[in-house]
Amino acid sequence: MKTEPETFGWQDLVTRPQRRESWEGVRNYQARNFMRDDFMEDQQVFIYHSSTAEPAIVGIARVVKAAHPDPTALIPDSPYFDPKSAKAGASRWVMVDVEALATFEPAITLKRLREEPLLAGMALLQRGQRLSIQPIQKDEWETICHMARLIPVL
DNA sequence: GCCAACGTTGGC
DNA sequence: GCCAACGTTGGC
């Protein structure tokens with residue numbers, strides 16, 4: 001799951017009550033469908049910082065609540081307001097709730113990801129890939145988990 | 001700030 | 001339903 005740390009970063013998640021937050025604001029159908037169809041409770045996800053000086057995978061979170069309607073689509077003042085949802089009277093977007101589990105120390109930079117041959121096929125690294133929610137293969141997950149120390153968040 | 005690569009919109 | 005114009009993403 002990508003996020004811009006200036007808006008909502010790993011440290012923000014870690015310092016939330018119970019280290020949990022609703023992942024609101026995803027406004028792309030394909031990304032939404034990944035959350036809706038593929039995100040099971042207890043599943044683990046990588047959190048990635050984008051649009052920052054050192055883009056990197058920064059930690060692992062766990063899905064604590066599967067996809068449910070994202071109400072920010074109905075709030076006119078929200079940056080995630082969606083007129084079509086408002087007109088229909090129901091949000092067409094979903095969010096999942098996640099809980100911070102462990103921090104990569106050091107964070108695994110995009111540069112290092114690109115340098116790892118085993119990750120050549122990883123979705124994130126493909127040309128033109130911009131989705132804020134992306135699938136990852138089990139072997140890619142394992143490879144990445146071994147690229148840095150994992151410090152449990154507590 | 002540039003710009004490639006998409007995704008979305010809306011006139012027809 | 002096509003597709004040009006426009007908007008967004010995100011690394012660099």
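Fair warning: this is a prediction, and the values are worked out from it, not measured in the lab. Just so we're on the same page: letters track the sequence lines, and every chain starts at 1.
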Exercise for the section: Give Arg27(A) one of three labels, base, sugar-phosphate or nothing, depending on what nucleic acid heavy atoms sit under 4.0 Å from its own. Expected result: nothing

Handout entry: hydrophobic_cluster_shared for Ile151(A) and Trp10(A), side chain cutoff 4.5 Å
Key = no

Fill in the blank from the handout: Per side-chain contact (heavy atoms from CB on, under 4.5 Å), Met95(A) is matched among Arg36(A), Lys65(A), Glu24(A) by Glu24(A)

Handout entry: Between Tyr29(A) and Arg92(A): side-chain donor-acceptor atoms closer than 3.5 Å
Key = yes

Problem - Rounded distance (Å) that lies between atom P of dT8(C) and atom CD of Glu4(A) - result: 13 Å

Could you list the protein-to-nucleotides 1-4 of chain B atom pairs, N/O on both sides, closer than 3.5 Å?
{"unit_1": "dA4(B)", "atom_1": "O3'", "unit_2": "Arg127(A)", "atom_2": "NH2", "d": "3.4"}

Handout entry: pair Ile60(A)-Trp141(A): side-chain heavy atoms closer than 4.5 Å
Key = yes

Fill in the blank from the handout: Gln134(A) atom CD is separated from dG11(C) atom P, nearest whole Å, by 10 Å

Exercise for the section: Provide, to the nearest angstrom, the distance between the CG atom belonging to Leu131(A) and the P atom belonging to dT8(C). Expected result: 17 Å

Practice task
Scan residues 41-57 of chain A for pairs that pass side-chain hydrogen bond (donor to acceptor under 3.5 Å, both in side chains), counting only residues two or more places apart or in two chains.
Solution key: Asp42(A)-Arg62(A)

Completion exercise
Whole-Å distance, Lys87(A) NZ to dT9(B) P, equals 13 Å

Completion exercise
Rounded to whole Å, NZ of Lys111(A) lies from C1' of dG10(C) at a distance of 19 Å

Exercise for the section: Mark yes or no for whether Arg27(A), through its side chain, and Asp82(A), through its backbone, hold a donor-acceptor pair below 3.5 Å. Expected result: no

Practice task
Could you tell me the separation between the CD1 atom of Ile57(A) and the C1' atom of dG11(C), rounded to a whole number of Å?
Solution key: 15 Å

Handout entry: Heavy-atom closest contact (Thr109(A) atom, Ala56(A) atom, distance)
Key = CA-CB, 3.6 Å

Exercise for the section: Please check the phosphate of dT9(B) (OP1 and OP2 only) for any side-chain N or O of Lys84(A) closer than 4.0 Å. Expected result: yes

Handout entry: Distance in angstrom units between Glu6(A) CD and dT9(C) P, rounded
Key = 14 Å

Practice task
Answer yes or no: does a side-chain N or O of Tyr48(A) lie under 4.0 Å from OP1 or OP2 of dT9(C)?
Solution key: no

Handout entry: Separation of dG10(C) C1' from Asn28(A) CG (nearest whole Å)
Key = 14 Å

